[in-house]
J.: 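Pasting a structure here, questions to come.
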Amino acid sequence: MEAKDGQAWLGTNGYGSRREEDGVCHDDSATPVRANTVDELHSLQRKPQVVEDRHRLQLQSISASLASMTCGIGPKLVNGDPARKKEMAGKAVTHHQHHITVPTITVSDSDLKFTHVLYNLSPSELYEHAIKYEKGSFITSSGALATLSGAKTGRSPRDKRVVKDETTDDLWWGKGSPNIEMDEQTFLINRERAVDYLNSLDKVFVNDQFLNWDPNNRIKVRIISARAYHSLFMHNMCIRPTYEELENFGEPDFTIYNAGQFPCNRYTHYMTSSTSIDLNLKRREMVILGTQYAGEMKKGLFSVMHYLMPKKQILSLHSGCNMGRGGDVALFFGLSGTGKTTLSTDRNRILIGDDEHCWSDNGISNIEGGCYAKCIDLSQEKEPDIWDAIKFGTVLENVVFDEHSREVDYTEKSVTENTRAAYPIEYIANAKIPCVGPHPKNVILLACDAFGVLPPVSKLSHAQTMYHFISGYTALVAGTEDGIKEPQATFSACFGAAFIMLHPTRYAAMLADKMNKHGATGWLVNTGWIGGSYGVGERISLAYTRKIIDAIHSGELLATSYKKTDVFGLDIPTKVEGVPSELLEPINTWEDKDSYKLTLLKLADLFKRNFKVFANYKKGGVSDLADEIAAAGPNF
Ligand SMILES: Nc1ncnc2c1ncn2[C@@H]1O[C@H](COP(=O)(O)OP(=O)(O)OP(=O)(O)O)[C@@H](O)[C@H]1O
Ligand SMILES: O=C([O-])CC(=O)C(=O)O
Ligand SMILES: [Ca+2]
Ligand SMILES: [Mn+2]
């Protein structure tokens, strides 16, 4: 048989044939190919890569990002891959191993050592890197990439620092604020430490992606990291650029240097541990040292949006969001673990996003391109859509699985209670792409009340909505923030004090204004305990909470009759379709009524004391509302 230029060999009849010789049947129906070795055969799998000017510009841009502050110019670039030494020829070469959409670039500070830059790799490539090089990375039975985040399995809010300079006067500083100051010089020391670390590696991953589905307010982000896990996580969580968008990406608006495997130097000023997450708004950069928990990148960028968006009169929100078939949009506010992801992911509705949104004059837009679901006790029966999203491409953090079958045991907490799945939003079957929607009709405040005294649902007046939004009460569920081992009552302004950059009243004023203007109704939903506090009672079933949420969406709860509670003065419905009526009033489910009353007063007192600092705050623009809002809290 003859080879025909560049064509695979075909059988004599062009299709392969069956011949009978010596009474033996030879099956040569398989089409032979022109290759003498496995390597040659392998090379036929790939399409040739063309190195274009634009790719050269991208390399230059990445080189500038990775430049040491003290050395001036950025590291030298060559194409290559650490596993393919022969390509380290010291110059840009056209090579056939890679498809054009996944250029592999090499960067170095010295001519002697090269650091390979792996630019916007695909999930398949990132899987291969993770499995080959990162201990604890495995493919689970459903196809997800199981990985370990190391010693930190939750965020470290006490290690967050924000550079204080002339541009950050309007930030929220001081008591209660998440913004712990650092100076520019110290930031540069940590930045240099991260850049030196990254440049010392054989390879780094670079993601160029977008945040915010609102095309007028989109920002370009670059994430430089050392692990395929981090790159795949951000691939899933940020908005993925199309080929054309990537070609025209240009310079990023914000850059993350994730050197999480490497600690900060505790002798450095402002450092109180070996972990540091440093935000510099003027330089538009973030440095991560001493934690590999990927949520730091996600929430670090969220903080940036909480700074940039309000400057444009756009409200940034720690909320989930979904939409009914009729176009009615609901927001789900709540702290970590209260149910934003679980309840916004709803078979009967269209998912706009599970965690971070913007509310502009044009409506709602998701900031992210993916979802980040808690996995503890996940079941196919209770959360079928999240279950189905855990497949090839999904990052599964810190889960425990069977060594042989690779079946995940979602009840296992031995690594952490904060097990997580990060998947692209289109893995949810009824996601809305692009992730935007009209102005919300319902604003649902979720609280996971470990005291068990808040009603499962109440309708809020305007002032009550503001009061509870500013209070941001919940019982923090174990594990999401480092060091918290069991549920405890907590207040977090705007249901996200760890991420907001301005004073809470600034966001509250914007929310009040938007809800007024667009006629949205506020609700308080307790997804926490009934029948007693944590330890005595139990968490309300997800099935009941879903019924309550259904009744809010359908309008059923607007039409029903209400009863006012003591102390908190909440309006509770007397009937909700599918939920036992006695459950709607907490005192009914408590055996020990005296204990209920004491607990109610205890919680009310905690609310009161927490709100004091806000009640007197006049700077934020809600001053005329302040008295009314303060009065909307508990009275006793
Ligand atoms: N009645 C309930 N309502 C909502 N969630 C419940 C309920 N009972 C149990 N859960 C569980 O509580 C958890 C809610 O977590 P979810 O991922 O929705 O939190 P989140 O608000 O999105 O937090 P984060 O901001 O950290 O992502 C899930 O594990 C869910 O299964
Ligand atoms: O940031 C995280 O680790 C998870 C999350 O969504 C939150 O805490 O709100
Ligand atoms: Ca979530
Ligand atoms: Mn969140």
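All of these numbers come straight from a predicted model, not from anything done at the bench. Whatever order the structure lists ligands and atoms in, that order sets their numbers, starting from 1. Residue numbers count from 1 along this sequence.
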J.: Can you confirm if the NZ or CZ of Lys220 lies within 45° of the ring axis of Phe254 and under 6.0 Å from the centre of its six-membered ring?
T.: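 Relative to the ring axis of Phe254, which defines the angle, Lys220 lies outside at least one limit.
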J.: Can you check ring pair (Phe, Tyr, Trp, His ring centres under 6.0 Å) on His318 and Phe499, steps first, answer last?
T.: CA-CA 9 Å; His318 189 207; Phe499 328 117; 4.9 Å; yes
J.: Quick check: does Asp355 put an N/O/S atom under 2.8 Å from the Mn ion (ligand 4)?
T.: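 Here the distance criterion (N, O or S atom, under 2.8 Å) is met by Asp355, so yes.
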J.: How about Tyr372 and Phe233: are their ring centres within less than 6.0 Å of each other?
T.: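 Aromatic pair counts; centres sit under 6.0 Å.
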J.: I need the atoms of ligand 2 closer than 4.0 Å to a non-hydrogen atom of Arg420, numbered in the order shown.
T.: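 Taking each heavy atom of Arg420 in turn, ligand 2 has 4 (C), 5 (C) under 4.0 Å.
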J.: N/O to N/O below 3.5 Å, does that happen between Lys299 and ligand 1?
T.: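 Between Lys299 and ligand 1, no N or O pair is found under 3.5 Å apart.
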J.: Considering only heavy atoms, does Leu335 approach ligand 2 within less than 4.0 Å through its side chain, its backbone, both, or neither?
T.: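 It is neither; nothing of Leu335 touches ligand 2.
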J.: Can you list the atoms of ligand 1 that are under 4.0 Å from a heavy atom of Leu335?
T.: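 Those of ligand 1 that fall under 4.0 Å from Leu335 are 21 (O).
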J.: Could you list the atoms of ligand 2 found under 4.0 angstrom from a heavy atom of His318?
T.: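 Answer, ordered by atom number: 9 (O).
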J.: Are any of the N or O atoms of Thr341 closer than 3.5 Å to those of ligand 1?
T.: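 Yes, Thr341 has an N/O under 3.5 Å of an N/O on ligand 1.
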J.: With a cut-off of 6.0 Å (strictly less than), are more than 12 heavy atoms of other residues, nucleotides or ligands near NZ of Lys547?
T.: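 12 or below, so no.
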J.: Is it true that a side-chain atom of Arg406 and a backbone atom of Gly143 form a donor plus acceptor pair closer than 3.5 Å?
T.: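 No; judged by distance alone, with no hydrogens or angles, the pair does not exist.
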J.: Examine the proximity of ligand 1 to Thr342 and report which part, side chain or backbone, both or neither, has a heavy atom under 4.0 Å away.
T.: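 Both backbone and side chain.
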J.: Any chance the rings of Phe491 and Phe607 have centres within less than 6.0 Å?
T.: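 Centroid separation for Phe491 and Phe607: below 6.0 Å.
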J.: For Ser541, state whether at least one heavy atom is located under 4.0 Å from any atom of ligand 1.
T.: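 Ser541: in contact with ligand 1 (<4.0 Å).
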J.: Heavy-atom pairs closer than 4.0 Å: do any link ligand 2 to the side chain of Phe499, the backbone, both, or neither?
T.: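 Side chain only; the backbone of Phe499 stays clear of ligand 2.
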J.: Which pair of non-hydrogen atoms, one from Val221 and one from Pro252, has the smallest distance, and what is that distance?
T.: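 Looks like C-CB, 4.3 Å.
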J.: Any nitrogen or oxygen of Tyr372, main chain or side chain, under 3.5 Å from a nitrogen or oxygen of ligand 2?
T.: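 No; the residue has no nitrogen or oxygen that sits under 3.5 Å from a nitrogen or oxygen of the ligand.
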J.: If you count every heavy atom of other residues, nucleotides or ligands that lies below 6.0 Å from Glu426 atom CD, does the total exceed 12?
T.: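 Yes.
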J.: So which heavy atom on Ala389 is nearest to which on Tyr427, and how close?
T.: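 Result for this residue pair: O-CD2, 3.3 Å.
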J.: Mind checking whether Glu296 has a heavy atom under 4.0 Å from ligand 2?
T.: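 Glu296 does not count as a contact of ligand 2 under the 4.0 Å cut-off.
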J.: Does at least one non-hydrogen atom of Leu378 fall below 4.0 angstrom from an atom of ligand 1?
T.: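 For ligand 1, residue contact (heavy atoms, under 4.0 Å) with Leu378 is absent.
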J.: So, for Phe333 and Trp523, is the gap between ring centers shorter than 6.0 Å?
T.: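 Ring-ring flag for Phe333/Trp523: false, centres at least 6.0 Å apart.
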J.: Would you mind listing which atoms of ligand 1 come within a distance below 4.0 Å of any non-hydrogen atom of His318?
T.: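 Here the atoms of ligand 1 in question are 25 (O).
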J.: Are any of the N/O atoms on Leu343, whether in the backbone or the side chain, positioned under 3.5 angstrom from an N/O atom of ligand 1?
T.: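 N/O-N/O distance under 3.5 Å: no.
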J.: Report, in ascending order of atom number, the atoms of ligand 2 lying under 4.0 Å from any heavy atom of Lys298.
T.: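 Answer for ligand 2: 6 (O).
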J.: For ligand 1, find out whether one of its N or O atoms is nearer than 3.5 Å to an N or O atom of Gly334.
T.: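 N/O-N/O distance below 3.5 Å does not exist for this pair.
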J.: State the CZ-CG distance between Arg420 and Leu378, to the nearest 0.5 angstrom.
T.: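 One gets 12.0 Å once the value is rounded to the nearest 0.5 Å.
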J.: Inspect the surroundings of NZ in Lys382 and state if more than 12 heavy atoms from other residues, nucleotides or ligands are less than 6.0 Å away.
T.: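 No - once you tally the heavy atoms of other residues, nucleotides and ligands closer than 6.0 Å, there are 12 at most.
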J.: Tell me whether Arg155 has any N or O atom under 3.5 angstrom from an N or O of ligand 2.
T.: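 Yes, there is a polar N/O contact under 3.5 Å.
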J.: Classify the angle between the aromatic ring planes of Tyr507 and His306 as parallel (below 30°), tilted (30 to 60°) or perpendicular (above 60°).
T.: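 Perpendicular.
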J.: For atom 19 (O) of ligand 1, which of the options Ser336, Cys375, Gly337 provides the nearest non-hydrogen atom?
T.: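 The option holding the nearest heavy atom is Gly337.
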J.: In terms of atom number and element, which parts of ligand 1 are under 4.0 angstrom from non-hydrogen atoms of Asp355?
T.: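 Selected atoms, number and element: 25 (O), 27 (O).
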J.: Does only the side chain of Leu446 get under 4.0 Å from ligand 1, or the backbone, or both, or neither? Count heavy atoms.
T.: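 For Leu446, there is no contact with ligand 1 at all, from either part.
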J.: Which atoms of ligand 1 are found less than 4.0 Å from any heavy atom of Thr545?
T.: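 What qualifies from ligand 1 is 1 (N), 2 (C), 3 (N).
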J.: Which ligand 2 atoms does Tyr293 reach within 4.0 Å, using its non-hydrogen atoms?
T.: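 Ligand 2 atoms under the 4.0 Å threshold to Tyr293: 2 (C), 3 (O).
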J.: When you measure from the side chain of Lys160 to the backbone of Ala498, do you find a donor-acceptor pair of N or O atoms at a distance under 3.5 Å?
T.: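 Here the side-chain-to-backbone pair exists.
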J.: Assess Arg546 for proximity to ligand 1: is some non-hydrogen atom of it under 4.0 Å away?
T.: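 Heavy atoms of Arg546 never come under 4.0 Å of ligand 1.
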J.: So, taking the atom named CG in Asp159 and the one named CD in Glu296, what distance separates them when rounded to the nearest 0.5 Å?
T.: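 Going from CG on Asp159 over to CD on Glu296, the span is 8.0 Å.
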J.: Specify side chain, backbone, both or neither for Lys382, according to which of its non-hydrogen atoms lie closer than 4.0 Å to ligand 1.
T.: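 No part of Lys382 is near ligand 1 at this cut-off.
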J.: Identify, by atom number and element, the atoms of ligand 1 in contact range of Tyr372, meaning under 4.0 Å from any of its heavy atoms.
T.: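 Per the distance check, 27 (O).
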J.: Under 4.0 Å from any heavy atom of Glu383, which atoms of ligand 1 are there?
T.: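 Checking each atom against Glu383, I get 30 (C), 31 (O).
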J.: Using a strict cut-off of less than 4.0 Å between a Lys/Arg side-chain nitrogen and an Asp/Glu carboxylate oxygen, indicate whether Arg347 and Asp385 qualify as a salt bridge.
T.: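 A salt bridge links Arg347 with Asp385.
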J.: Please find the pair of heavy atoms, one from Arg158 and one from Ile180, that lie closest to each other, and give the distance.
T.: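 Looking at all heavy atoms of both residues, the shortest contact is O-CD1, 3.7 Å.
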J.: Would you check the N or O atoms of Gly339, main chain and side chain alike, for any that come under 3.5 Å of an N or O of ligand 1?
T.: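 Yes: some nitrogen or oxygen of Gly339 is under 3.5 Å from one in ligand 1.
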J.: Tell me whether Leu335 has at least one N, O or S atom under 2.8 Å from the Mn ion (ligand 4).
T.: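 It does not: Leu335 brings no N, O or S atom closer than 2.8 Å to the Mn ion (ligand 4).
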J.: Looking at non-hydrogen atoms alone, which of Lys298, Glu417, Arg539, Arg420 comes nearest to atom 9 (C) of ligand 1?
T.: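 Comparing heavy atoms across Lys298, Glu417, Arg539, Arg420, the nearest one to atom 9 (C) of ligand 1 lies in Arg539.
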